[in-house]
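Single-structure report; data block below.
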Amino acid sequence: MKRAHNFNAGPAALPLKVLQQAQEEMLNFNNTGMSVMELSHRGPDYEQVHNEAITLIKELLAIPDQYEVLLMQGGASLQFSMIPMNFLSKDKTANYILTGSWSEKAIKEANYVGNTTSGASSKESNYTYIPNKDSISFNDSDAYVHLTSNNTIYGTQWQDFDIKPTSPLIVDMSSDILSRPVPVEHFSMIYAGAQKNLGPSGVTLVIIKKDLLKHVPEHVPTLLRYKTHADKNSLYHTPPTFAIYILNKVLHWVKENGGAAGMEERNAKKARLLYDTIDKSAGFYQGHAEKDSRSSMNVTFNLKTEELNAKFLKEAKEAGFVGLNGHRSVGGCRASIYNAVSLESCQALQEFMTNFQKNNS
Ligand SMILES: *Cc1c(COP(=O)(O)O)cnc(C)c1O
């Protein structure tokens with residue numbers, strides 16, 4: 001069996017070991033004579049999987065007691081709507097820091113609900129950098145401040161979160177959750193769709209401070225209230241059981257590989273390989289992101305001409321590399337190197353890039 005060099009942006013590569021375990025257990029999970037998909041979500045076999053996943057998330061991200069960990073559906077995109085529905089009142093303004101397409105989509109949903117403002121933006125440069133923290137404006141009327149920790153499409157990433165707004169700080173970590181340790185206590189809420197770093201699509205992680213659950217506007221429907229999910233341990237309605245089962249296995253894999261700190265080290269090595277190739281190419285490859293804003297998850301670059309971009313992508317595909325096309329909104333190339341992408345895949349890509357440059361200079 002040959003596994004692809006998978007650089008897909010999401011859904012993305014999963015650890016081989018996780019897939020093999022799922023395969024072994026597919027027809028008979030835990031001696032139940034059933035697949036995990038066939039179990040009741042109210043029975044002890046599934047509940048064990050569910051609760052263990054939540055416990056592992058708390059452990060791996062060092063989440064303090066004053067937070068709830070929720071497993072929800074609807075992707076990060078539903079969070080874009082739920083956040084203003086739950087936290088944006090008429091007399092306040094939601095403050096979005098704009099660093100890419102996903103931040104734009106988030107503020108768009110908040111605009112359906114109430115008033116928004118943007119305390120900083122790097123749109124004028126086509127999102128090549130993360131705004132300097134001293135340039136961000138916060139206001140007393142902010143209901144919350146929202147940021148995107150890793151910009152999947154442009155390939156930029158917040159390097160530290162050393163900002164201190166007086167209102168709750170909410171972060172979309174869809175594309176870098178658990179790729180490095182983060183100061184959870186710095187945030188009121190963290191959310192992430194699972195399909196980049198945590199598992200398959202279909203489950204969304206929400207880490208939310210218990211304080212935030214207290215005051216919810218009356219008109220918010222039951223399923224769209226965070227409190228509903230918190231009160232029932234994310235079992236108010238049928239959860240995506242198979243996705244949570246795979247999530248559980250990915251979390252075990254992360255733990256076996258050094259936890260968040262282990263992932264950070266592994267990811268830094270992989271990113272360095274590719275960025276070094278870009279930097280040593282004397283302009284043959286041009287990185288999209290400014291150096292101090294570079295993402296360790298999505299490496300975005302362009303070649304000098306559209307023809308050369310197309311040739312690179314075509315030959316890369318023929319050589320067995322998957323998912324290197326840049327997002328349709330920026331073009332060029334993008335290598336997504338989430339936790340489960342191996343160092344070997346990155347080394348193979350580095351070699352391919354070096355050879356391609358030699359043959360086309
Ligand atoms: C992929 C992504 C999303 C969208 O996630 P869905 O689960 O498809 O809704 C949102 N934000 C970021 C930063 C992403 O990378």
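All ligand and atom numbering here is 1-based and tracks the order in the structure. Just so it is clear, the values below take in all heavy atoms, side chains as well, and ignore hydrogens, waters and symmetry mates. Model, not experiment: these values are computed from the prediction.
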- Contact residues of ligand 1, where a non-hydrogen atom lies under 4.0 Å away: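 These residues qualify: Gly75, Ala76, Ser77, Phe80, Trp102, Thr148, Asn150, Thr152, Asp172, Ser174, Ser175, Gln195, Lys196.
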- Where at least one partner belongs to residues 121-140, residue pairs that pass ring-ring contact (aromatic ring centres under 6.0 Å, His included), sequence neighbours excluded: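 Counting only pairs at least two positions apart or across chains, the ring-ring contact (aromatic ring centres under 6.0 Å, His included) contacts touching residues 121-140 are Tyr127-Tyr154.
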- Message: Does anything in residues 212-235 form a ring-ring contact (aromatic ring centres under 6.0 Å, His included)? List the pairs, not counting sequence neighbours.
- Response: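 Those involving residues 212-235 are Phe87-Tyr226.
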- Message: Check for me whether Lys108 meets the cation-pi criterion with Trp102, that is, NZ or CZ under 6.0 Å from the six-membered ring centre and within 45 degrees of the ring axis.
- Response: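 Geometry flag: not set, cation outside 6.0 Å or 45°.
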- Task: Go through the structure and list residues passing ring pair (Phe, Tyr, Trp, His ring centres under 6.0 Å) with Phe301, not counting sequence neighbours.
- Result: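 Testing Phe301 for ring pair (Phe, Tyr, Trp, His ring centres under 6.0 Å), a comparison that skips the adjacent residues, returns Tyr285, Phe312.
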- Query: Can you tell if the side chain of Asn8 reaches within under 4.5 Å of the side chain of Ser336, non-hydrogen atoms only?
  - Reply: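 SC-SC contact between Asn8 and Ser336 ruled out.
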- Salt bridge or not for Glu109 and Lys105, using N-O below 4.0 Å?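 Not counted as a salt bridge, because no side-chain N and carboxylate O are separated by less than 4.0 Å.
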